[in-house]
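As structure tokens, the structure follows; a few thoughts come after it.
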2 protein chains.
Amino acid sequence: MPPADDQPAAGPVRSARRQQTESAILEAALDVFAVDGFRGATLDRIAERAGMSKPNLLYYFASKDDVHARLLGDLLDHWLAPLRGIDPAGEPVEEILRYVRRKLAMSRDYPRESRLFAGEIIAGAPRISGFLADGLRPLVDETVGLIRGWIAQGRISPVDPVQLIFSIWALTQHHADFAAQIEIVAPGDRAGDAGAFLDQLYRRLLTP
Amino acid sequence: MPPADDQPAAGPVRSARRQQTESAILEAALDVFAVDGFRGATLDRIAERAGMSKPNLLYYFASKDDVHARLLGDLLDHWLAPLRGIDPAGEPVEEILRYVRRKLAMSRDYPRESRLFAGEIIAGAPRISGFLADGLRPLVDETVGLIRGWIAQGRISPVDPVQLIFSIWALTQHHADFAAQIEIVAPGDRAGDAGAFLDQLYRRLLTP
DNA sequence: GCTGATCCTGACCGGGTGGTCAAATCAAGT
DNA sequence: ACTTGATTTGACCACCCGGTCAGGATCAGC
């Protein structure tokens, strides 16, 4: 049984060795879960990719669900950050463009995380509907209010704020989730092209 | 063993009874594959949902791969149609908007097919990379050429044609693939909103 | 070099997986 | 009613799945 972590001070917070092994497992699990989804992934493949036996993996994580939950938890923290980064006091068009760029950068730098998230949503969001309702939705509502304000002040074009946000998600995550298709259909594509296009697109749409 | 279909004339082309059963299986398989992906789906669940035993399912289809391949094959036929529907002789902005509307309608009417496709791409397109290279890519190249022509003639704004096409795919398919997220974050959302938004977006972007 | 805690593994378990097979059922023509 | 071929299924197989367990390495502190 894994040691309970409710002990006063077990080493340097949780021995560096242990943390390193956990990271290796999560790294391998991300590879597998992102490609095959929760049901399609197997502990054997994750353990093999992490270079250890399955029982050893289960020494660090209680179960398959546990690994998956930890992965999603870590991910969702990062997911909300860009939305929070929009500055209500900033220049509206530039603030939205900055959000688009940050989101695109995340898709470029964390494509596996994006695919993991996408797979979870496609499967009906069985394990993260709570997060979506409690964490994401309020933040979206808030941002929608902010955008409505900007529109009312005539500082950006009148657009449906909800659709605007969805469009940003779709356009940025697409480059991570559908990378395999993009690579085949337009092999020379570089992230820079996408950045320039999105800049152009949203500037045209939003500039009053 | 299933009868070989290389016989001269086996009944009315392939007895209506048989075709009906195959449809029921494919219907059930689409439900399951779209949610769980190829690896995550099981023949037991598909057979159960189709209201028959697993051996009976395997009487109609040779294997799990067979069912999946048939589903993808049927789907990919439909997938290319809208792209082919763009009329080189038409009014550029309207032609592109017509394409966007057709693609959005497909996401609305065939969300499971869209999710099946998305899951396949997320998994690295192991079973359809051939189709993407041989079927989709030439068509995209052709369309890119057409759009470049329109741009050269000054009939639409200068945009990256490849990025334009990707953006249409991303924005339309998003409504099917991420329906679970949309339903939680913005429950009242209706497809009509998306249609109006996309119309506005691409009209602004493309009108010279 | 002894000791205790941590780390790691082979062997195993019950249940699920894709797929097979022989036998039972059904539909339809005669 | 009888025959023939298409359809359906229970029983089964070898293998894989998530997870357990008893015991063997390994390492730190003494």
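Lettering follows sequence order; numbering is per chain, from 1. FYI, side chains are in, hydrogens and waters are out, and symmetry mates aren't considered; it's all heavy atoms of this structure.
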Gap between atoms [atom1] and [atom2], on [X] and [N] respectively (whole Å):
{"X": "B/F61", "N": "D/dT8", "atom1": "CZ", "atom2": "C1'", "value": "16 Å"}
{"X": "B/Q19", "N": "D/dT7", "atom1": "CD", "atom2": "C1'", "value": "16 Å"}
{"X": "B/M52", "N": "D/dG10", "atom1": "CE", "atom2": "P", "value": "13 Å"}
{"X": "B/R17", "N": "D/dT7", "atom1": "CZ", "atom2": "C1'", "value": "7 Å"}
{"X": "A/D44", "N": "C/dT17", "atom1": "CG", "atom2": "P", "value": "15 Å"}
{"X": "A/R45", "N": "C/dT17", "atom1": "CZ", "atom2": "P", "value": "15 Å"}
{"X": "A/F38", "N": "D/dG18", "atom1": "CZ", "atom2": "C1'", "value": "10 Å"}
{"X": "B/D65", "N": "C/dT17", "atom1": "CG", "atom2": "C1'", "value": "13 Å"}

Checklist entry - Which part of the nucleic acid, if any, lies within reach of B/A41 when heavy atoms closer than 4.0 Å are counted: base, sugar-phosphate only, or nothing? => result sugar-phosphate
Options [options], nucleotide nearest the side-chain atoms of [X]:
{"X": "A/R18", "options": "C/dT20, D/dT8, C/dC7", "value": "C/dC7"}
{"X": "B/L43", "options": "D/dT9, C/dG19, D/dT20", "value": "C/dG19"}
{"X": "B/P55", "options": "C/dT17, D/dC17, D/dA11", "value": "D/dA11"}
{"X": "A/T21", "options": "C/dT17, D/dC17, C/dC8", "value": "C/dC8"}

Below the 4.0 Å mark, does [N] have OP1 or OP2 next to a side-chain nitrogen or oxygen of [X]?
{"X": "B/Y60", "N": "D/dT8", "answer": "yes"}
{"X": "B/N56", "N": "D/dT7", "answer": "no"}
{"X": "B/Y59", "N": "C/dC21", "answer": "no"}

Checklist outcome for this item: To the nearest 0.5 Å, atom CD of A/E27 lies from atom CG of A/L71 at 9.0 Å
Item to check | Whichever of B/S53 and A/S63 has its nearest DNA chain D nucleotide further upstream toward 5' | outcome: B/S53
Checklist entry - Would A/R17 count as a cation-pi partner of A/Y60, with NZ or CZ less than 6.0 Å from the six-membered ring centre and within 45° of the ring normal? => result no
Next on the checklist: Closer than 4.0 angstrom, basic N to acidic O: yes or no for A/R70 and A/D66?
Outcome noted: no
Item to check | Heavy-atom side-chain contact between B/L201 and B/L171 under 4.5 Å | outcome: yes
Item to check | Side-chain heavy atoms of B/F117 within contact of B/W79, under 4.5 Å | outcome: yes
Checklist entry - Taking N and O atoms by type only, does the side chain of A/K54 place a donor or acceptor under 3.5 Å from a partner on the base of D/dG18? => result yes
